[in-house]
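These notes concern the structure reproduced below.
Protein chains get the first letters and strands the later ones, always in sequence-line order, with residue 1 at the start of each. Scope of the values below: all heavy atoms of this structure, side chains included, with no hydrogens, waters or symmetry mates. All figures in this text were calculated on a predicted structure; none of them were measured in a lab.
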Amino acid sequence: MPVSEKQFQYVGKSIPPRELFDKVTGRFQYVGDMPSELYGKILRSPHPHARIKHIDTSRVEKLSGVEAVLTHRDVPPRKLPRRDQRACYILEDHVRFVGDEVAAVAARTRAIAEEALDLFEVEYEILPPVFDPEEAAKPEAPQLYPGGNVYGPQFGMMIEKGLNEPVIMEWGEIEEGFKEADVVIEDKVEVKPQIHSPIESHICIARWRGDELTLWTATQSPYEVRMSIAHALDMPEGKVRIIYGAIGGGFGSKYIERYQPITVLLSKKANGKSTKIVLTREEELCHASRAGAKIRVKLGVKRDGTITAIYLKGFFNLGGYGNIIGGCGRFGEESPCLTYKYQNARFEGWDVHTNHITSQPCRGVALPTLTFAMENVIDQAAERLNMDPVEFRLRNLPETDTMMPVKPHKNPIYPRAELEAYPAQQILREVAEKIDWERFKGHQQPVFVEGSQSRGLGIAASQGWGGFCIGGFINETVIINNDGSVHILSGHTDLGTGSNTTLRQIAAEALGISIEDVTMATGDTLIGHFDMIGARGSRSMTTAGHLILVAIEQAKNKIRQMAAPLLEVEPEEIDVRGKKAYVKGDEERAILLRELLTSTVKCTVGGDPREWLLIKGTMWPMVAQGKKTRNPVVAASEVEVDLETGVVKPIRIITGNSPGRMINPTIVRGQYIGAAAMTLGMALWEEFKYDEQNSVYEHASLTDYKVPRAMDVPPIENVIIEEFVERPLDVGGPYGARGAGELAGLGIVASIANAIHNATGVRVRRTPMTAEKVLEAIEEKREKKK
Amino acid sequence: MKFPKEMTRTLKEFGYFNPIKIDDAISILEKLGKRVMILAGGTDLLNQMKLRQIMPEFILNIKNMRELDYIKQHQGLEMGALTTITAIRESNLIKKEYLSLYDAAEWFGTPPIRNMATVGGNICRSSPSSDMVAPLMALDVKLKLVGPRGERTVAIEEFVSGTGGNVLDREILTKIVVPQQEKSSGTAFKKLKRSSADLAKVNCAVRIVIKDGTCEDIRIVLGAVADRVFRARKAEEIIKGQKVTNATIEETAKKASQEAQPITDVRSTAEYREQMINVLVKRLIPLSIERAREKE
Amino acid sequence: MIKSKSSGKEKRIEAEMITVATTRKIIHLVVNGKDREVEVRPNELLVDVLRERLGLTGTKIGCEAGECGACTVLINGKPNLSCLTLAIECEGKNILTIEGIGDVERGNLHPLQKAFVEYYGVQCGFCTPAMILTAKALLEKDPDPKEIEIREAINGVICRCTGYMQIIESISAAAKAMKGNARE
């Protein structure tokens with residue numbers, strides 16, 4: 001579908017975000033650039049599972065320069081409600097993984113705080129640990145929580161007990177489906193945890209003035225931080241002020257963690273003195289991750305290529321404190337499981353606590369993992385049927401207006417609706433063309449071989465959420481000033497994703513004014529604009545954007561009412577653009593807002609519960625009744641494998657996405673490339689290494705945790721197909737836009753695995769796909785052949 | 001506290017010396033011995049100090065002794081200990097005549113690390129996986145050490161003593177002397193790593209003197225697969241004096257991998273390392289021969 | 001070797017030497033073209049002196065171990081990791097931080113800064129000062145670098161946000177702009 005013919009002033013224009021000027025001159029202030037009086041340090045558990053029998057802080061308190069000490073005895077008896085990890089006490093006597101917080105100290109200098117850490121005397125009762133989620137799911141395993149280690153299909157911020165049930169999503173009857181199949185493939189994959197590792201570590205500064213708290217912190221969900229701390233400390237939320245917005249990267253790692261309320265309590269104990277805690281890079285690499293997982297998939301296909309059934313059973317490692325959101329995430333909120341028209345399906349997810357590193361959603365959450373698991377068998381199915389991988393996928397990809405899933409969900413909480421503006425097949429074709437797929441010679445035949453260097457191509461498809469209003473709403477207030485310029489109060493968080501600018505573009509476009517006439521207040525919860533879940537799920541721009549447009553429309557309606565009698569027409573005949581109200585079709589009959597308004601026109605949006613629950617405030621929001629917004633995703637990779645050393649070198653990556661309509665193309669492209677580079681790291685280089693015997697994290701430095709560098713990442717190109725439905729401005733995603741932040745990374749791991757297979761004839765089923773693993777697989781195959 | 005095994009911390013306090021003359025530096029080393037550590041590039045030392053693996057009472061900064069920073073042609077090649085890795089990488093002389101040194105400098109760390117790190121510092125760190133020691137050992141370099149008892153020259157093979165140790169005794173390494181290379185010699189170095197900027201999983205340096213298809217002399221040096229960088233002498237004996245054929249190369253490579261004692265650690269496994277020694281030797285011998293031919 | 005007892009004089013000289021070694025020193029740095037005098041202890045890192053004593057917080061700390069490159073500054077024109085540099089080592093050296101690039105007071109951005117804004121080589125911005133300084137040093141050595149040479153030069157600075165494409169495009173664009181200016 002062609003791009004709309006409307007001429008836009010700002011939509012579709014790559015306006016550089018304003019804060020970039022401060023970032024390139026070094027003037028942009030991050031939390032770490034602000035001074036504080038005191039410096040805090042956290043004592044962490046050396047044991048994977050233990051109870052604190054006794055903790056002696058006397059030597060700590062005697063150290064000159066120490067101004068506050070905190071143990072589990074000093075924290076309030078109320079938990080921190082959290083969205084994507086379990087609710088927990090600020091400190092507890094039950095420690096659940098190596099690195100779990102045990103105690104804390106604040107001192108006048110960092111050196112003193114470090115010295116103080118060595119002076120804590122802790123007596124632990126060692127409890128038996130369990131590290132594997134399948135083991136931990138058994139009733140006889142060491143228990144981390146009442147109700148067992150399996151979290152279960154429950155969703156809430158104060159979950160107290162596990163449910164010992166898997167999350168299940170299914171449609172049709174898989175047994176029938178497998179009977180119908182001509183070929184059945186079964187396989188399993190294992191994914192190691194991936195650490196988000198933004199370049200800025202977790203950081204916060206807390207300060208009290210009387211009973212009012214101010215917390216400067218790098219967070220993606222400031223209102224969640226506010227709510228959580230207020231609840232735990234039993235304070236009114238209004239007395240907790242979170243100042244945010246300057247973040248050096250998040251990727252899902254920066255929401256509410258214990259270190260923030262720990263800093264708050266240290267500051268309180270030190271008579272409110274400003275206290276800073278910043279995690280060292282070692283702590284940063286060992287406290288939370290994308291969930292490790294083991295997934296088995298069984299796929300049934302007919303000879304004509306129809307996929308008749310899929311059964312996926314996955315164990316997701318929640319570690320000490322994760323929850324369903326960071327686990328299977330209710331199957332990626334459904335989306336990756338709707339990549340193909342599976343005739344019958346059963347997805348079973350076990351989210352299990354272990355004494356491993358805590359799971360926390362990481363860019364794409366479980367979607368790259370699920371895509372890898374499914375694409376592993378999809379690719380094998382194409383091979384068994386002797387079909388070209390692109391052809392096979394084309395046969396099974398849904399399109400715009402396909403009702404998905406193909407049969408009704410058995411569980412009514414998952415919606416069934418038509419896919420809207422979903423050019424999956426076109427994207428797949430264009431990505432294939434861009435990577436010169438015609439070079440593909442066959443499943444076990446590399447594209448070319450020179451000496452021991454072998455080249456292969458791999459392709460994968462996936463699906464992501466649309467972002468639109470996922471998880472709830474954000475308060476937006478649009479204020480039309482007397483002079484017709486606009487001020488927006490917004491609860492969203494700009495992570496460096498450029499959303500502030502994109503939203504201003506949207507507002508400027510809707511009102512027909514210059515973007516310089518649009519200002520925005522965000523970054524401080526003092527403005528009181530609640531954002532339910534913060535920057536995640538690729539939702540910020542679409543959710544905030546949609547609501548801003550709704551507010552603008554409401555503001556316009558108010559203005560229409562005011563102008564109608566003066567212009568002597570009905571309100572519906574008036575339009576409001578360019579700082580004036582005028583009669584539609586006769587712009588001369590106008591009145592300047594400057595002359596019309598006797599006070600500001602203010603409209604706040606974000607709260608009608610009935611409407612929201614039905615359409616927008618759910619986990620799977622629909623833009624209109626019966627229509628789902630989902631993101632079609634394709635990834636293709638070309639790799640060169642050295643058959644003697646097993647080293648995999650990515651040569652080229654092509655991503656394929658549909659952002660709906662792009663508001664700011666350069667920003668969208670930047671998000672796509674960044675997401676792809678991140679999951680490329682997960683695929684090839686980033687290896688989480690934990691020595692269970694000795695309780696040592698071996699990867700705990702950037703020397704050993706290999707985040708991709710410029711010489712590692714190959715050129716990444718994007719196929720972008722803009723497809724959207726034209727609707728009234730205040731309906732659906734803003735100007736037809738869809739979320740972008742995570743979407744291009746979903747298929748990378750799978751496409752790399754498929755490309756390695758093409759180059760070598762072997763499948764690597766574990767991430768990261770290191771040289772050792774590839775070589776091992778090559779040799780295993782050679783042995784089998786003998 | 002085991003979590004995590006180490007955490008970066010503020011530096012402990014220390015005394016600081018910054019002499020300009022070598023004699024003053026020697027005098028400090030003589031008086032303070034093990035209480036003082038030499039600071040050259042600092043890329044290794046400061047990291048270890050932050051992790052409290054090393055906590056020296058005193059630091060002796062030798063970077064003001066500018067006479068130690070040079071590369072010159074002198075029969076073979078002579079480098080001052082303060083020559084940075086970047087200087088090695090950018091030296092036309094080295095790229096022409098001592099290609100294995102260029103190979104090692106090319107992928108050494110990252111650009112800013114190369115600007116700071118010195119060849120002397122890397123040698124004196126004596127890491128079992130040192131990038132510089134391997135090609136230098138294959139080149140039979142001699143090291144000049146200056147101390148309170150005067151000067152002495154030590155072959156690099158005798159300098160390293162295992163697990164990060166060396167024979168320095170209150171001495172400073174001042175220069176590295178690379179003997180003149182035979183006209184028909186070629187060198188190569190390769191390091192296998194996890195990603196573009198990394199310590200070695202396996203290091204290998206080869207130098208071969210080839211005449212009419214016969215190997216007149218050879219050095220095969222392996223790093224990261226034993227407690228020190230070492231010469232695989234038994235492997236060398238197999239091919240030395242022989243006509244170079246695929247069969248001899250294979251036999252040589254196989255022997256070399258048997259001489260090593262690789263371990264499994266965070267970077268790689270013992271099995272993989274053993275296999276890769278074989279692969280690297282098989283590739284570097286022909287590459288060195290090719291480079292020898294190109295020189296003519 | 002017979003160890004003779006050190007004479008009283010030798011002991012005094014040694015004690016003096018040690019006292020001098022452990023006291024704070026006043027060092028002179030040239031930072032962004034200005035002479036700066038700071039009193040430092042030997043164990044103070046250059047990055048901390050820049051950020052906390054001189055108020056130049058544009059240089060960032062990401063890992064403290066010389067891996068992430070966020071602390072990169074130019075010392076005598078070359079990229080160095082200020083988290084692995086003692087302040088006291090820098091006596092007399094020329095240090096350039098991000099605050100020394102362009103003439104921000106007068107609203108003049110360096111072509112690199114302009115390009116990073118226009119070509120969106122910046123997302124969260126934490127690695128940006130290091131990237132720009134590294135690029136500046138590169139373009140001074142090689143005014144017309146190919147993509148692979150740019151990747152090599154910035155390999156010491158990790159960016160988690162961008163995937164590097166738009167950073168490379170920014171640097172290439174700046175190179176073109178700077179060549180154009182040079183011709184005039």
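When all heavy atoms are compared, the tightest approach of C:R151 to A:V713 is NH1-O, 2.7 Å. Considering every non-hydrogen atom in both C:I98 and A:T25, the closest pair reads CG1-C, 3.9 Å. The two residues A:G496 and C:Y120 make their nearest non-hydrogen contact at O-OH, 3.5 Å.
The backbone N or O of A:P708 sits less than 3.5 Å from a side-chain atom of C:Y164, completing a donor-acceptor pair. Side-chain atoms of A:K23 do not come within 3.5 Å of backbone N or O of C:F126 as any donor-acceptor pair. No side-chain donor-acceptor contact under 3.5 Å links A:R709 to the backbone of C:I158. Remark: side-chain polar atoms of C:Q166 are paired, donor with acceptor, to backbone N or O of A:T666 under 3.5 angstrom.
Counting heavy-atom pairs closer than 4.5 Å to chain C, the top-ranked of the candidates A:G681, A:S197, A:S201 is A:S197. Between chain A and the options C:G66, C:G125, C:G55, C:G69, the largest number of non-hydrogen pairs under 4.5 Å is found for C:G125. Chosen from A:Q29, A:Q671, A:E717, the residue pairing most often with chain C at heavy-atom distances under 4.5 Å is A:Q671. Among the candidates A:F21, A:Y672, A:Y30, the residue making the largest number of heavy-atom pairs closer than 4.5 Å to chain C is A:Y30. Ranked by heavy-atom pairs under 4.5 Å with chain A, the list C:V117, C:V122, C:L112, C:I154 is led by C:V117. For chain C, the option among A:I247, A:L495, A:I15 with the highest count of heavy-atom pairs below 4.5 Å is A:I247. Interface summary for chain A: among C:E52, C:Q113, C:M131, C:E64, the most heavy-atom pairs under 4.5 angstrom belong to C:Q113. For the set A:A710, A:G248, A:G26, A:P715, the count of heavy-atom pairs under 4.5 angstrom toward chain C peaks at A:A710.
Residue contact with chain A, scored on non-hydrogen atoms closer than 4.5 Å, involves the side chain of C:A70 exclusively. Heavy-atom distances place both the backbone and the side chain of C:E152 under 4.5 Å from chain A. With a 4.5 angstrom heavy-atom cutoff, C:T128 touches chain A only via side-chain atoms. Using a 4.5 Å cut-off between heavy atoms, A:R363 touches chain C through its side chain atoms alone. With a threshold of 4.5 angstrom between heavy atoms, C:C161 approaches chain A through its backbone and through its side chain. Heavy atoms of A:R110 lying under 4.5 Å from chain C belong exclusively to its side chain. For a residue to count as touching a neighbouring chain, one of its non-hydrogen atoms must lie under 4.5 Å from one of that chain's; by this rule C:I148 touches chain A with backbone and side chain alike. Neither the backbone nor the side chain of A:L680 comes within less than 4.5 Å of any heavy atom in chain C.
Here A:L20 contributes atom CG and C:K114 contributes atom NZ; the two are 15.0 Å apart, rounded to the nearest 0.5 Å. Note that CD of A:E200 is 12.5 Å distant from SG of C:C127, once rounded to the nearest 0.5 Å. Rounded to the nearest 0.5 angstrom, A:I199 CD1 and C:C124 SG are separated by 7.5 Å. If you take OG1 on C:T162 and CE on A:M678, they are separated by 12.0 Å, rounding to the nearest 0.5 Å.
When the shell of 6.0 Å around NZ of C:K78 is examined, it contains 12 or fewer heavy atoms from other residues, nucleotides or ligands. The number of heavy atoms from other shown groups lying within 6.0 Å of NZ (C:K25) is above 12.
Checked for salt-bridge contact, A:E284 and C:R160 miss the test: no charged N lies under 4.0 Å from a carboxylate O. For C:E67 and A:K706, the salt-bridge test fails: no basic side-chain N is under 4.0 Å from an acidic carboxylate O. Contact check on C:E105 versus A:R27 returns no salt bridge, with no Lys/Arg side-chain nitrogen under 4.0 Å from an Asp/Glu carboxylate oxygen.
C:K60 has its side chain within reach of A:D33: a pair of non-hydrogen atoms, C-beta onward, lies under 4.5 Å apart.
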